[in-house]
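These notes are about the structure you will find just below.
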Amino acid sequence: MSWIREGELNLIERLSANVLKAGPVPKHVAFIMDGNRRFARKKHVDRQEGHSQGFNKLAETLRWCLQLDIPEVTVYAFSIENFNRSREEVDGLMELAKLKFLRLLDEQEKLERHGVCIRVLGDLTLLPLDLQQLIAKAVVATREHKRCFLNVCFAYTSRHEMANAVREMAWGVEQGLIKASDVSEALLSECLYSSNSPNPDLLIRTSGEVRLSDFLLWQTSHSCLVFQSVLWPEYSFWNLCDAVIQYQCNHASITKARELHQDEQCQQQLEADHACVAELLHHHGNGKPADAPRKQEAVTEYGVRRAARVKDFLDALRSKRDTFLTELASQATVA
């Protein structure tokens with residue numbers, strides 16, 4: 001099954017999509033694609049077939065999202081905790097992933113035509129080397145596409161992602177790129193695997209489970225969460241429409257919460273800059289308190305220097321990550 005399923009909606013679906021698009025439409029939707037194994041039991045087929053049907057549903061869902069003007073989708077494809085499943089199932093999932101990324105590489109022309117950028121978020125070093133190389137090759141091949149984005153969370157948990165972001169900031173301090181005082185909530189967000197994407201507007205979990213299972217915990221603090229009982233391989237266009245309607249009903253409160261949080265972050269950064277400047281003036285002053293204009297000028301100058309440090313650090317971090325992927329991709333051999 002292709003990663004990109006082409007085709008138009010039927011008349012009723014098109015009319016419904018146009019009605020939905022008259023209101024606020026989420027620009028980024030995340031899916032916990034749950035229910036593949038239960039679907040397999042329900043249909044009396046093996047687990048591998050359930051996972052394969054789940055991938056096919058992803059391709060169909062991406063088509064619906066594009067026709068609803070949703071340009072970015074993030075999916076939870078494989079949790080680090082899934083390594084605890086039976087060896088047979090884990091090996092089967094790794095083989096399925098290899099087949100799908102090989103298929104993706106065969107579809108580069110179609111992906112380019114639709115402008116699809118594929119990103120894989122997670123700790124690739126936990127995966128078999130040949131799969132790492134295929135993933136890197138697929139990511140590098142599509143990273144210049146800008147029309148729509150598919151983020152595949154593979155070998156991922158949110159706690160692992162946040163711990164890695166802390167390690168990245170520690171690396172920045174060790175390298176002298178940033179100061180310990182530059183570390184902030186906003187900087188941690190920029191060090192996550194998902195730093196190239198806006199936070200999801202809408203997160204959908206299927207199968208009736210009402211937990212996040214360590215998925216995008218940081219990024220969904222101000223997102224609309226929708227839990228649906230349908231098993232993922234049975235997901236429909238109408239299930240997606242229902243979730244979008246729930247997002248629209250809560251759009252105003254979500255927007256307000258995000259704006260308040262952004263204001264709080266700005267205030268926290270300003271207070272941190274004031275504290276750093278006060279300490280600097282104390283150490284380098286003549287014992288006399290600085291007047292207000294001098295303090296304000298010093299805070300402004302410090303903020304400019306901090307922003308420059310942070311930019312240089314983030315540029316270095318992106319370069320490190322890009323180099324890792326490019327080197328992996330160059331090692332890939334495609335049969």
Side-chain angles (χ1 to χ4, degrees), residues 1-5 29-65 73-107 111 116 118-124 126-139 150-158 160 203-216 227-237 239-240 243 334-335:
M1 175 64 70
S2 170
W3 283 73
I4 301 297
R5 181 178 291 187
V29 176
F31 291 94
I32 301 178
M33 306 179 294
D34 196 16
N36 292 343
R37 296 196 294 176
R38 272 171 276 181
F39 173 81
R41 288 195 297 269
K42 177 180 174 180
K43 297 297 183 180
H44 305 292
V45 297
D46 61 34
R47 288 177 177 176
Q48 195 67 7
E49 178 61 20
H51 292 306
S52 182
Q53 290 296 321
F55 175 83
N56 294 344
K57 183 56 63 175
L58 170 59
E60 191 172 14
T61 303
L62 292 175
R63 178 171 67 92
W64 298 331
C65 287
V73 172
T74 298
V75 297
Y76 204 1
F78 189 84
S79 167
I80 291 173
E81 295 173 357
N82 291 156
F83 284 114
N84 296 324
R85 293 181 178 179
S86 71
R87 179 65 179 271
E88 179 184 8
E89 184 174 2
V90 171
D91 288 347
L93 286 166
M94 294 299 113
E95 285 303 315
L96 179 62
K98 290 176 191 176
L99 289 173
K100 297 309 179 184
F101 279 101
L102 281 169
R103 180 61 184 268
L104 186 149
L105 290 169
D106 288 338
E107 296 184 322
L111 292 168
V116 180
I118 305 290
R119 304 183 184 125
V120 178
L121 315 183
D123 189 345
L124 298 188
L126 299 176
L127 301 172
L129 181 58
D130 56 347
L131 179 54
Q132 291 183 44
Q133 293 167 347
L134 280 176
I135 287 173
K137 192 172 181 68
V139 170
L150 172 61
N151 307 311
V152 181
C153 292
F154 206 94
Y156 173 93
T157 64
S158 192
H160 193 86
L203 182 145
I204 299 167
R205 179 166 189 159
T206 58
S207 88
E209 297 289 345
V210 288
R211 52 196 170 87
L212 295 180
S213 295
D214 213 347
F215 180 56
L216 301 181
F227 300 97
Q228 297 175 307
S229 60
V230 60
L231 301 177
W232 174 250
E234 298 176 328
Y235 204 70
S236 73
F237 174 77
N239 293 129
L240 178 59
V334 180

Handout entry: Partners meeting side-chain hydrogen bond (donor to acceptor under 3.5 Å, both in side chains) with Q132 (sequence neighbours left out)
Key = none

Practice task
Could you grab the distance from atom CG of L62 to atom NZ of K57, nearest 0.5 Å is fine?
Solution key: 11.5 Å

Exercise for the section: Only counting residues at least two apart or in another chain, list the ones meeting salt bridge (Lys or Arg N to Asp or Glu O under 4.0 Å) with D91. Expected result: R87

Practice task
Can you sort out the partners of D214 under salt bridge (Lys or Arg N to Asp or Glu O under 4.0 Å), two or more places apart, ordered by chain and number?
Solution key: R159

Exercise for the section: Could I get the full list of side-chain hydrogen bond (donor to acceptor under 3.5 Å, both in side chains) partners for E234, not counting sequence neighbours? Expected result: K42

Handout entry: Reported CG-to-CG distance for the pair L104 and L150, which is rounded to 0.5 angstrom
Key = 8.5 Å

Exercise for the section: Side-chain contact test, heavy atoms from C-beta onward, threshold under 4.5 Å: evaluate it for F31 versus C65 and give yes or no. Expected result: yes

Fill in the blank from the handout: By side chain to side chain contact (heavy atoms under 4.5 Å, CB included), A30 pairs with (sequence neighbours left out) T74, P200, L203, F215, L216

Exercise for the section: Indicate yes or no: at least one non-hydrogen side-chain atom of H51 is less than 4.5 angstrom from one of F55. Expected result: no

Practice task
Would you please test N239 and S236 for side chain to side chain donor-acceptor pair (under 3.5 Å) and show each step?
Solution key: CA-CA 5 Å; N239 293 129; S236 73; 3.0 Å; yes

Handout entry: P233 to G50 - nearest heavy-atom pair and separation
Key = CG-O, 4.2 Å

Exercise for the section: In sequence, state the C-alpha distance, the side-chain angles, and the governing distance for I80 and Y156, and then conclude on side-chain contact (heavy atoms from CB on, under 4.5 Å). Expected result: CA-CA 5 Å; I80 291 173; Y156 173 93; 5.6 Å; no

Practice task
Decide yes or no for V75 and C153: does some side-chain heavy atom of the first lie under 4.5 Å from some side-chain heavy atom of the second?
Solution key: no

Fill in the blank from the handout: Contacts of R211 meeting side-chain hydrogen bond (donor to acceptor under 3.5 Å, both in side chains) (sequence neighbours excluded), chain-then-number -> E209, S213

Practice task
Hey, could you give me the CG/CG distance between L129 and L124, rounded to the nearest 0.5 Å?
Solution key: 11.0 Å

Problem - Partner residues of F154 under the ring pair (Phe, Tyr, Trp, His ring centres under 6.0 Å) criterion, sequence neighbours left out - result: F78

Practice task
Flag the pair L58 / M33 as yes when at least one side-chain heavy-atom distance between them is below 4.5 Å, and no otherwise.
Solution key: yes

Practice task
For residues L240 and W64, determine if any side-chain heavy atom of one lies less than 4.5 Å from a side-chain heavy atom of the other.
Solution key: yes

Problem - For R41, all residues meeting side chain to side chain contact (heavy atoms under 4.5 Å, CB included), sequence neighbours excluded - result: R37, R38

Exercise for the section: Could you tell me whether the side chain of E95 reaches within less than 4.5 Å of the side chain of L99, counting heavy atoms only? Expected result: no

Problem - Side chain to side chain, L127 and I135, heavy atoms closer than 4.5 Å - result: yes

Practice task
Show the numbers, then the answer: is there a side-chain contact (heavy atoms from CB on, under 4.5 Å) between V210 and R205?
Solution key: CA-CA 8 Å; V210 288; R205 179 166 189 159; over 6 Å; no

Problem - Which residues share a side chain to side chain contact (heavy atoms under 4.5 Å, CB included) with S86, sequence neighbours left out - result: R47, E88, E89

Problem - Pairwise distance NZ(K137) to CG(L102) - rounded to 0.5 angstrom - result: 10.5 Å

Practice task
Identify the heavy atoms of Y76 and L212 that sit nearest to each other, and give their distance.
Solution key: CE2-O, 4.4 Å

Practice task
Could you please spell out the steps behind the side-chain contact (heavy atoms from CB on, under 4.5 Å) verdict for I32 and I204?
Solution key: CA-CA 6 Å; I32 301 178; I204 299 167; over 6 Å; no

Handout entry: Flag, side chain of W232 to backbone of G54, donor-acceptor distance under 3.5 Å
Key = yes

Practice task
Verify side-chain contact (heavy atoms from CB on, under 4.5 Å) between V152 and L121, making sure each step is shown before the conclusion.
Solution key: CA-CA 6 Å; V152 181; L121 315 183; over 6 Å; no

Practice task
Measure the CG-NZ distance between L93 and K98 for me, rounded to the nearest 0.5 Å.
Solution key: 12.0 Å

Handout entry: Partner set under side chain to side chain contact (heavy atoms under 4.5 Å, CB included) for A40, not counting sequence neighbours
Key = V45

Practice task
Check the side chains of Y235 and Q228 for a donor-acceptor pair under 3.5 angstrom, ignoring hydrogens and angles.
Solution key: yes

Problem - Those residues that, when tested against Q53, pass side-chain hydrogen bond (donor to acceptor under 3.5 Å, both in side chains) (two or more places apart) - result: E49

Problem - Euclidean distance, L105 CG relative to K100 NZ, rounded to 0.5 Å - result: 13.5 Å

